[in-house]
Amino acid sequence: MTDNVVVLGSLRNRLAMSLTGGAAVLAIVLFFAVRGYASQIAQEGQDNILNASVSSILDAAVLREGAVELDFPYASLSMLSTSADDRIFYAIYEDGALLSGYDGLGAVPPVLSGKSVFTSIQYDNVTVRVATASRTLIGADRPRRVSVSVAQTQDALAETLNRISRNVAVFGAGFFALTTALAFWATSTTIGQLSRLTTSVTRRGPQDLSPFLKPVPTEMVPLVGSLNTLMSRLDQSLKQSEEFIAEAAHRVRTPLATVRSYAETTFQRVQKQENRDALRSMMRAIDESSRAAGQLLDHAMVTFRAENLIREDVDLDGLLRDLVQRLKPVAEMRDVELHLDSTAPALIHGDSVLLQNAFRNLIDNALKYAPMETTITIRVQTTPCISVEVFDQGQGFLPDEMDKLAGRFVRGSDSEGHIGSGLGLTIAQDVALAHDGTMVLSNRSEGGACVTLQF
Ligand SMILES: Nc1ncnc2c1ncn2[C@@H]1O[C@H](COP(=O)(O)OP(=O)(O)OP(=O)(O)O)[C@@H](O)[C@H]1O
Ligand SMILES: [Mg+2]
């Protein structure tokens, strides 16, 4: 049934891919965001110490007798010492001219008095962070502008950043693994709902077209709604066609019976052999049609009652005793003995009309296909479960046809010369299935066909 369905990818894979893809992007974004934030914090730490260092040097600058004097506070550099032994550079300018320190730390930027300006530059082939601030000293003759730059390499900072990056990467990978596991769990729970619907639809019997009533998630409501509408339409049209067949069969049967009786009366009257032959073939054709109409009617009735099964306690022993009694005259015409092998009541919960119809078809088959002057046995057993076997002393089923004979309108090759429509075993099987039972065809070792209905 799924052969002609065009497959367009897998929902499970698509869901899992989007969720894990999202998790990967999130982990990468998280990595860069945390790393960026950490490096900003670390940089701020270094800048604060550089600022303190620059300020303490600037504070030491004084104007004495018209000249700038600066008693260098060595603590201002020692506060910059790091575990990575970063190198430190400084430069002191008076009105733009280098007073002391390393030249080339960069031109003094236009700094506001007291506030440090921070830049990162290449100095001596390494990247250094430079803090620069300036201060104006008011002298007797003119104001002097003293600027101080302190620079530091960034080895300790890089080390800290590497450590943070490693930790964040491990954290990111853990986050990714966790979200991937969650994604797979979420995918299988989501798809699980669909699978449950599929299982419960496929588990239904072929006759079950009742609506799907189990609770489903909101997103699946339209699908289940459409499915239920489709099933109810199907149910409706099946019922209509069964009703139509039953009605048609009923309408055909009555005029056929009239034609049959006319043909029979005419048959009694005509003497000419060829007319008698023609009338015989005509009666046979009428019998065939009449049987077909009768079986179609029964089949429609069985289908309808099986769908709306009204169960009551049925004693199979009593039911079969009754049936055998009624079929005795037909059996006697063929010199066939009907033997009921049943000793105790066999109670089942079912529809007696359907059960009777099924057994009548099985006995009818035995009467039809088994030779004259034989015995047909109907054996009822109550252990291990309730079962009824109908077996005869005929030639049995043809082994290579056996598994197809219960199909609609299927007749065996041994049916030639016997009136029938191929619905008897279908009816019996439908009745067994409606009672949660089975029908098994077999051949007995001592010869003869055997049909077992198990309940
Ligand atoms: N007791 C039996 N012995 C041998 N063959 C049988 C026996 N019962 C059934 N069959 C075979 O199984 C076929 C199907 O049986 P089924 O009762 O469904 O149809 P039918 O008897 O041909 O027609 P009808 O609808 O009138 O019963 C028969 O045509 C026959 O070949
Ligand atoms: Mg039959």
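Order of appearance sets the numbers: ligands from 1, and atoms from 1 within every ligand.
- For the residue pair E312 and S352, a side-chain donor N or O sits within less than 3.5 Å of a side-chain acceptor on the partner.
- One of the N, O or S atoms belonging to N365 lies under 2.8 Å away from the Mg ion (ligand 2).
- The line from CG of L320 to CD1 of I378 is 6.5 Å long, rounded to the nearest 0.5 Å.
- For ligand 1, residues of the protein lying within 4.0 angstrom by heavy-atom distance are R291, Q295, N365, A366, K368, Y369, D392, G396, F397, L405, V410, R411, G412, D414, S415, G420, S421, G422, L423, G424, L425, A449.
- Side-chain contact annotation: Q43 with Q154, donor-acceptor N/O pair under 3.5 Å present.
- Considering all non-hydrogen atoms of both residues, N51 and A131 come closest at N-CB, 4.4 Å.
- At a cut-off of 3.5 Å, with distance as the only test, no side-chain donor of T426 or R408 sits close to an acceptor on the other residue.
- A salt bridge between E264 and R260 is present, with a side-chain N of the basic residue lying under 4.0 Å from a carboxylate O of the acidic one.
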